[in-house]
Number of protein chains: 2
Amino acid sequence: MAGRIREQNRALILQAAERLFADKGFEGTTIQAIADLAGLPKSNVHYYFPTKERLYRTILEEILQTWLAAFGRFGEHDDPAEALASYVIAKVRLSFARPHASRIFAREMLNGGHLISPFLEDELRPWVEERAAVLRAWTRQGRLRPVDPHHLLFTIWAATQTYADFAPQIRAIEGGDPDAASQAAIARSVAEIVVRACVAQDDPGASTSRRGQAASAA
Amino acid sequence: MAGRIREQNRALILQAAERLFADKGFEGTTIQAIADLAGLPKSNVHYYFPTKERLYRTILEEILQTWLAAFGRFGEHDDPAEALASYVIAKVRLSFARPHASRIFAREMLNGGHLISPFLEDELRPWVEERAAVLRAWTRQGRLRPVDPHHLLFTIWAATQTYADFAPQIRAIEGGDPDAASQAAIARSVAEIVVRACVAQDDPGASTSRRGQAASAA
DNA sequence: GTCTATACAACGATAGAC
DNA sequence: GTCTATCGTTGTATAGAC
């Protein structure tokens, strides 16, 4: 069963490469460093992935799939507070669960987004338009305050991904990396900010999210 | 007056380098590319800046100074809604005015923050503690809802800087880059989200910011 | 399938003519 | 102060032995 070794080595390389691409970027990562971290000779990396760019794109595509799967699919008939809170919480969880993926995605944006523009146009944009329609419907129904749907989503994405992308900043202010309990508290904190920002005060569903989740300050 | 040429060439190099470092990162930027963009031979870059790292650090330090100057200095006796809104608006303005600076800062974070950790510890952290004290005081006075001060600030930073750092994403969703009027509308939108999220409903100062700034959706 | 040796290109940096 | 030529190093990728 030679396929076993093949699978395992591929996985080792992908894992090492994801971490290094996240930490140092594409140009800052050498194949030698990937090989060292994976515990393999340099040539083996080239054996499994013909070029550095091919390896990078393999990783990037897996990340985009993960991103897509994490998008909430809330609809017009969901409860606004609940739907938004659970979306925010899922996104914060993803930032803590796969910080390297988040940072590779962030680097792709900083680099101009050329490699992911098909994703942005074909996947993200339609998703945003659907969600914006839901948000506007909620506003018409008086369940959501009038808020620009696009900018609300931008704010949610930014606020949730900052815990992965700007981890050194968080670390410097909080005095260390958050443990599992803190991560859950952070997710609630951010969800609370978002819900408070836009869910109508007299919406019955909002009451559950408005209470008992006050800040647990450092 | 040979000093004139010196100043001008230095400025040309710094300007070109800031843009390229923002677009492609430190490793992704070649001195040749900087020289080409500045309209100078490669050797001249080395004449004014002995090493690539020296050039990079010069740019980075100027950015940190700009960042520091943009920090709002709101205090306990300011109006919460007004103080937070003007801080958010100033930060959004800075993102649009100096997107390259923002993206170099973001890359520094993604790279682990090693070069800016003194800044984070010595400048940012004390500023955060002072502002957190103000936010807590406002909450005690009943002017601000109980919200985790740190996470509120993280959210503000992330939401404002995303317009520089993740510009390709904004572009893909909005269908183009925002003009001056759109930039002002964006600043108000984000400020509104932040103010609504945490300013107490019965605070008299909040009423001005709560009205008439509804979304101008795309 | 795995590893060693090496070709080839690109980059940062320097020396030295002007 | 400016520019040309070049050195030394590093990195990707490949060829070929095992």
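In what follows, every chain begins at residue 1, and chains take the letters A, B, ... in the order their sequences are listed.
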How close or far is atom [atom2] of [N] from atom [atom1] of [X], stated in whole angstroms?
X       : N      : atom1 : atom2 : value
A:Gln8  : C:dT2  : CD    : P     : 11 Å
A:Asp36 : D:dG11 : CG    : P     : 11 Å
B:Ile13 : D:dG1  : CD1   : P     : 12 Å

Q.
By the 4.0 Å heavy-atom rule, please label B:Tyr48 as base, sugar-phosphate, or nothing.
A. sugar-phosphate
Q. Would you call B:Arg131-B:Glu76 a salt bridge at under 4.0 Å N-O?
A. no
Is the number of heavy atoms from other residues, nucleotides or ligands within 6.0 Å of [atom1] ([X]) greater than 12?
X       : atom1 : value
A:Lys24 : NZ    : no
A:Arg19 : CZ    : no
B:Glu53 : CD    : no

It should be established whether [X] places a side-chain nitrogen or oxygen under 4.0 Å from OP1 or OP2 of nucleotide [N].
X       : N     : result
A:Asn44 : C:dC3 : yes
B:Tyr47 : D:dG1 : yes
A:Asn9  : C:dT2 : yes

Q. Are B:His151 and A:Tyr163 close enough that their ring centers fall under 6.0 Å?
A.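 Distance test on ring centres: under 6.0 Å, yes.
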Q | Residues within residues 17-25 of chain B bordering DNA chain C, heavy-atom distance below 4.0 Å | A |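 None, since no heavy atom is under 4.0 Å.
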Can you give the donor-acceptor pairs under 3.5 Å from side chains of residues 36-51 of chain A to other protein atoms, not counting sequence neighbours?
residue, atom, partner, partner atom, Å
A:Asp36, OD1, A:Gln32, NE2, 3.0
A:Tyr48, OH, A:Asn9, ND2, 3.2
A:Thr51, OG1, A:Arg54, N, 3.1

**Q.** Any donor-acceptor N or O pair under 3.5 Å, side chains B:Asp179, B:Ser182
**A.**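 Result is yes, a qualifying pair exists.
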Could you list, one pair per line, each protein nitrogen or oxygen that sits under 3.5 Å from a nitrogen or oxygen of nucleotides 11-14 of chain C, together with the distance?
residue, atom, partner, partner atom, Å
C:dG12, OP1, B:Thr29, O, 3.3
C:dG12, OP1, B:Lys52, NZ, 2.9
C:dG12, OP2, B:Ile31, N, 3.0
C:dG12, N7, B:Lys42, NZ, 3.3
C:dA13, OP2, B:His46, NE2, 3.4
C:dA13, OP2, B:Lys52, N, 2.9
C:dA13, N6, B:Lys42, NZ, 3.0

(Q) Nearest 0.5 angstrom please: A:Gln183 CD to A:Arg188 CZ, how far? (A)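 The distance works out to 12.0 Å.
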